[in-house]
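Worksheet: the structure to be examined is printed underneath.
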Amino acid sequence: MDDERTTRDVAARTLIDKVKAFAASLDDHERSLFAALLAPGIDAAWTADLEEAEVAGFELEWSPERLPGHLTEAIRTAHLRISTTDEG
C-alpha cells in the first residue's frame, strides 16, 4: 500500500511540475485561459477536506468539487494557486 501511495504522490508532484512548466511557456492571454481551465480544480484542493478527498480517488464518476487526496496534497505542497497577476 505504501508503494501505491508513493507512486501516486510522485505522479501528482510530477504533474504539478509539468503544469507549471507548461503555464510558464504560454503568453499572457493563453495563460489566462489556461488558468480559467485549472481554477476549479485548484480551488477544490484548497477547499476540500483531505480526509474526504482521499476517498474521492476511488469514485467511478469524476466530480469537479472533489480531487484525489494525493493530487490535493501535491497542489497544497507546491503552494499552487491561480492568480490574475504576473506574481502567481
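Nothing fancy with the numbering, it's 1 onward along the sequence. Quick note: numbers below take in every heavy atom, side chains included, and nothing from hydrogens, waters or symmetry partners.
Every residue two or more places apart in sequence or in another chain was checked for a side chain to side chain contact (heavy atoms under 4.5 Å, CB included) with Leu33, and none qualifies. For Ser32, there are no side chain to side chain donor-acceptor pair (under 3.5 Å) partners, not counting sequence neighbours. With sequence neighbours left out, Ala35 forms a side chain to side chain contact (heavy atoms under 4.5 Å, CB included) with Ile82.
Taking each heavy atom of Asp28 and Arg31 in turn, the nearest pair found is OD1-NH1, 3.0 Å.
Sequence neighbours left out, not one pair with a member in residues 15-26 passes salt bridge (Lys or Arg N to Asp or Glu O under 4.0 Å).
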Would you please test Asp2 and Arg5 for salt bridge (charged side-chain N to carboxylate O under 4.0 Å, His left out) and show each step?
CA-CA 5 Å; Asp2 284 339; Arg5 180 173 176 88; over 6 Å; no

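You'll find the side chain of Ile16 stays beyond 4.5 Å of the side chain of Arg13, heavy atoms only.
By the 30° and 60° cut-offs, the orientation of the rings of Trp46 relative to His79 is parallel.
Placement of Leu15 and Val10 in two distinct hydrophobic clusters is found when ILVMFWY residues are connected by side-chain heavy-atom separations under 4.5 Å, directly or transitively.
The CG atom of Leu80 lies 6.0 Å from the CD1 atom of Ile75; values are rounded to the nearest 0.5 Å. If you take CG on Leu71 and CG on Asp9, they are separated by 10.5 Å, rounding to the nearest 0.5 Å.
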